[in-house]
Amino acid sequence: MKKILIKNIGNLITISSNSGLKKGHEMQHFPQIKNAWLKIKNDRILDFGNMEDWEGIDNWNEFDIIDAENGTVLPSWCDSHSHIVYAGSREQEFVDKINGLSYEEIARKGGGILNSSLILKNTSEEDLYNQSMKRINEVIKGGTGAIEIKSGYGLETEQEIKMLRVIKEIKRTSPITVKSSFLGAHAIPKKYKKNPDNYVEIVINEMIPKIAKEKLADYIDVFCDTGFFTVNQTEKILKAGLDYGLKGKIHANELAFSGGIQVGVKMGAISVDHLEFSSDKEIKCLKKSNTIPTLLPSTAFFLGLNYPPARKMINSGLPIALASDYNPGSSPSGNIEFVMSLACIKLKMTPEEAINALTINGSHAMELQDDFGSIEKGKKANLIITEKVSSNAYIPYSFGKSLIKKIIIEGKLYNDCNTNN
Ligand code: NIG
Ligand code: FE
């Protein structure tokens with residue numbers, strides 16, 4: 001395979017020397033090189049530097065050249081929270097919301113997650129894979145180079161396993177790196193409404209052992225919120241997951257002060273996600289832990305929720321990761337450039353903080369920081385090349401419009417990637 005030289009890079013950003021998680025005021029910065037070049041060998045970043053110090057190339061035949069035409073080059077997005085494997089869609093509930101129903105009211109009526117679960121049951125594994133791969137290809141074009149995908153629309157052992165097998169097949173066949181989370185505790189199925197603890201028992205005694213045996217999940221997730229799973233149930237499920245080596249990445253405090261943040265921290269979760277309901281108490285709890293607060297502003301936007309206090313979190317020294325939450329009910333979009341705009345406009349994060357939250361911090365929230373999330377020699381060459389922009393701020397400023405011109409995945413121009421091999 002030939003090496004690649006990207007020349008005329010207007011700005012090469014989020015260079016790192018240690019892949020560290022960025023916390024508090026560190027999120028404000030990343031090294032950048034104006035007027036840069038970058039070399040790729042196989043699927044990895046070989047080297048990079050300033051065009052002015054350019055020593056030339058001995059053998060041009062060794063290289064394919066990509067002209068960045070003064071655009072910005074940055075690492076691909078690391079989307080650490082998605083439900084991109086699902087069947088069908090739920091736009092009728094979208095209309096119900098326009099007409100005044102809330103997310104919780106729709107869920108109580110048997111809609112929401114249970115609605116998706118019914119559609120999924122009537123969808124074959126192959127069809128589910130095809131529907132999901134379409135979305136994977138869509139998010140790759142939007143700059144995502146690594147993604148976490150959850151189960152959670154099965155809600156029966158066999159159906160949860162079907163979802164996780166589809167995720168496994170996506171891992172094998174998609175050009176981007178995928179991590180999978182088992183989210184059997186996403187909603188209480190109808191027949192367990194009166195005795196939800198019986199469903200928790202099934203998650204713990206039936207689903208987790210089977211999934212662990214087949215090595216179908218990297219993490220375990222629980223929707224710890226009002227109307228879904230309690231703190232006690234969450235703790236039991238996270239403990240059972242840990243017994244099988246599955247660390248937590250959980251849904252917490254999206255709909256109320258659920259205690260989800262505290263139980264996630266107590267159980268050593270890698271991340272607690274959503275956090276629309278966070279007070280000083282929750283921030284203090286997070287400060288004493290290594291759990292990464294992960295914010296999903298598309299969901300707050302789509303459901304009309306209050307936005308989480310990102311500024312307070314960063315000012316108190318916390319790290320933040322941002323992700324899409326791509327799912328049919330609360331965020332039917334995997335558009336990360338839009339997430340970045342929302343982070344700036346609604347969460348009052350600076351463009352640099354938002355970029356760090358979507359790259360290096362997102363990679364930590366999937367434990368992929370050794371390979372993804374920053375420009376470093378030896379890291380995967382998963383890169384975004386934008387059109388020429390006047391500054392980093394121009395990217396979130398021009399919301400709703402993609403500035404991405406080229407995508408490189410594993411050292412190949414994405415158009416050259418065969419996504420089915
Ligand atoms: O992250 N909060 C729980 N799960 C998803 C929504 C799932 C759905 O509505 O289908 C979320 O918002
Ligand atoms: Fe989610």
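Source: prediction; values computed, not measured. For ligands, and for the atoms within them, numbers begin at 1 and follow the listed sequence. The figures that follow rest on heavy atoms only: side chains count, while hydrogens, waters and symmetry mates do not.
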Exercise. What protein N, O or S atoms come within a distance below 2.8 Å of the Fe ion (ligand 2), ordered by chain and number?
Worked result: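 As for protein N, O or S atoms lying under 2.8 Å from the Fe ion (ligand 2), they are His81 NE2, His83 NE2, His251 NE2, Asp325 OD1.
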Exercise. Does Phe228 have a non-hydrogen atom less than 4.0 Å from ligand 1?
Worked result: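 The answer is no: ligand 1 sits nowhere under 4.0 Å from a heavy atom of Phe228.
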Exercise. Is the number of heavy atoms from other residues, nucleotides or ligands under 6.0 Å of Lys171 NZ greater than 12?
Worked result: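 Result for NZ/Lys171: enclosed.
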Problem set entry | For Tyr103, atoms of ligand 1 separated by under 4.0 Å from a heavy atom | 6 (C), 7 (C), 8 (C), 9 (O)
Exercise. Pairs in or reaching into residues 358-384: which pass salt bridge (charged side-chain N to carboxylate O under 4.0 Å, His left out), with residues at least two apart or in two chains?
Worked result: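 Every pair satisfying salt bridge (charged side-chain N to carboxylate O under 4.0 Å, His left out) with a residue in residues 358-384: Asp43-Lys380, Arg44-Asp371, Asp47-Lys377, Lys247-Glu367, Glu376-Lys379, Lys380-Glu410.
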For this session: Look at the rings of Tyr153 and Tyr86 and say which category their plane angle falls in: under 30° parallel, 30 to 60° tilted, over 60° perpendicular.
Result: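 The rings of Tyr153 and Tyr86 stand perpendicular, inter-plane angle above 60°.
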For this session: Return the orientation label for the His251 and His274 ring planes: parallel under 30°, perpendicular over 60°, tilted otherwise.
Result: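 Rings of His251 and His274: tilted, 30 to 60°.
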Between [X] and [Y] (side chain of the first, backbone of the second, donor and acceptor by atom type, cut-off under 3.5 Å), is there such a pair?
| X | Y | result |
| --- | --- | --- |
| Thr14 | Phe30 | no |
| Lys249 | Ala365 | yes |
| Ser117 | Pro189 | no |

Exercise. Heavy atom under 4.0 Å from ligand 1: found in Tyr86's side chain, backbone, both, or neither?
Worked result: neither
For this session: Look at Asp243 together with Lys239 and state whether they make a salt bridge at an N to O cut-off of under 4.0 Å.
Result: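 Answer for the salt bridge query: yes.
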Problem set entry | Glu254 N/O under 3.5 Å from ligand 1 N/O |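 Checking ligand 1 against Glu254, an N or O pair does fall under 3.5 Å apart.
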Exercise. Is there a nitrogen or oxygen of His186 sitting under 3.5 Å from a nitrogen or oxygen of ligand 1?
Worked result: yes
